[in-house]
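Here is the structure we will look at.
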Number of protein chains: 2
Amino acid sequence: MAPPRSTRQGLLVEEAVRGADGFRTAQDVYASLVADGARIGLTTVYRHLQRLADQGVLDVLTAADGQIAYRSCHSDGHHHHLVCRQCGMTLEIHEPSVEQWADRTAELAGFTDVTHTVEIFGTCATCRQP
Amino acid sequence: MAPPRSTRQGLLVEEAVRGADGFRTAQDVYASLVADGARIGLTTVYRHLQRLADQGVLDVLTAADGQIAYRSCHSDGHHHHLVCRQCGMTLEIHEPSVEQWADRTAELAGFTDVTHTVEIFGTCATCRQP
DNA sequence: ACCGAAATGAAAACGGTTTTCATTCTCAAA
DNA sequence: TTTGAGAATGAAAACCGTTTTCATTTCGGT
């Protein structure tokens, strides 16, 4: 399996999502790139985001409205997110005891191949100010 | 604000989702009702599911693919789900220490109006058998 | 029974996402 | 440097879950 080719568009997409401090949808990334004068197609944005997610470079979060958002992973391995509802600013959080709880709970119920999601939403200090 | 009128369709939808043991999408519920010979429109199914969710009768889960699924609440108050990926069978789980962890984590980061989701997915014992 | 208005449902519309296919571009070989 | 295979691109079309629209039906009060 040959590595994907390095393209102008691939770099643009990766830079855009690495430069963001929270989750961004494909539409967000596309709009941002176009606003900066980039020549890129929406489809290409989707493709690159998906490739980066497949490669583990990006985290994926499906929001309550069904839209899929991506964020650059700032830390290796399994983690969760604390997301500001207003600005999207996101912190990564780790808590081994929660991992253990999730795994144990599933095991006690007879489940295998266990995965879990934990997302915390709120209003951050910056957005809380009037 | 008057209560919604009692209709044949409203009852059908509520019965259908109460009779299911896991999360079901509007499409699922619609297909199931139609297969049983019910005369009902897809739009009406969507409306009733949304109403029931708004009333707190149903839990809502947005799956990774963006589809929104509903399940009848078997217990009051805040809880999480352990969901079989194959058959959709769902258990409700409670863990106060996880609630406390989530709230404390957000508070330490300066967040207010905090909510969280915890979903655990796996393959249940029944589905695991060959 | 009548009637206002809530509810219904099929068609149309919406919008995020994916597929299609002609064209462009990358990169390895010569 | 040139060439060319095939990967990548991008606009249009298609997909599909979901929502809106509006004519019609139904509920429930009088």
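Lettering of chains follows the sequences in order, A, B, ..., and the numbering in each one begins at 1. We use all heavy atoms of the structure for the numbers below, so side chains are in, but hydrogens, waters and symmetry mates are not.
Atom CD1 in A:I40 sits roughly 14 Å away from atom P in D:dA8 (whole-Å rounding). Residue A:L33 contributes atom CG, which lies 14 Å from atom C1' of D:dG10 at whole-angstrom precision. One atom, CZ of A:R8, and another, C1' of D:dG10, lie 11 Å apart when rounded to the nearest Å. If you measure from atom CZ of A:R24 to atom C1' of C:dG16, you get 18 Å, rounded to the nearest angstrom. The distance between atom CG of A:L11 and atom P of D:dT9, rounded to the nearest whole Å, is 10 Å.
In summary, the aromatic rings of A:H81 and A:F23 are positioned with their centroids under 6.0 Å apart.
As judged by a 4.0 angstrom heavy-atom cut-off over every strand, A:R51 is placed among residues making no nucleic acid contact.
Using a 4.5 Å cut-off on side-chain heavy atoms (C-beta onward), A:L52 and A:E14 make contact.
For the OP1/OP2 pair of D:dA8 and a distance below 4.0 Å, the side-chain nitrogens and oxygens of A:Q9 include no atom meeting the criterion. Taking 4.0 angstrom as the limit, A:H48 places a side-chain polar atom (N or O) nearer than this to OP1 or OP2 of D:dT9.
A donor-acceptor contact under 3.5 Å links the side chain of A:R47 to the base of C:dT20.
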Within the sub-3.5 Å range, which N or O atoms of nucleotides 14-19 of chain D have a protein N or O partner, and how far apart are they?
unit_1: D:dT18; atom_1: OP1; unit_2: B:I68; atom_2: N; d: 2.9
unit_1: D:dT18; atom_1: OP2; unit_2: B:Y46; atom_2: OH; d: 2.6
unit_1: D:dT18; atom_1: O5'; unit_2: B:Y46; atom_2: OH; d: 3.1

Can you give me the N/O atom pairs linking the protein to nucleotides 28-30 of chain D at distances under 3.5 Å, or say none if there are none?
unit_1: D:dG28; atom_1: OP1; unit_2: B:S6; atom_2: N; d: 3.1

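Taking a cutoff of 4.0 Å between a charged side-chain nitrogen and a carboxylate oxygen, B:R18 and B:D21 do not qualify as a salt bridge.
Checked against salt bridge (Lys or Arg N to Asp or Glu O under 4.0 Å), A:R104 has no partners two or more places apart in sequence or in another chain.
The closest side-chain donor-acceptor pair between B:T123 and B:Q86, if any, does not fall under 3.5 angstrom. Neither side chain, A:R24 nor A:S32, offers a donor N or O lying under 3.5 Å from an acceptor on the other.
Considering A:Q100, A:E99, A:E95 in turn, A:E95 is the only one that fulfils the side chain to side chain donor-acceptor pair (under 3.5 Å) rule with A:S97.
Cluster membership check: A:V114 does not share its hydrophobic cluster with B:V83, using side-chain heavy-atom separations under 4.5 Å among Ile, Leu, Val, Met, Phe, Trp and Tyr.
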Steps toward ring-ring contact (aromatic ring centres under 6.0 Å, His included) verdict (B:H80, B:H116):
CA-CA 10 Å; B:H80 305 297; B:H116 64 270; 5.1 Å; yes
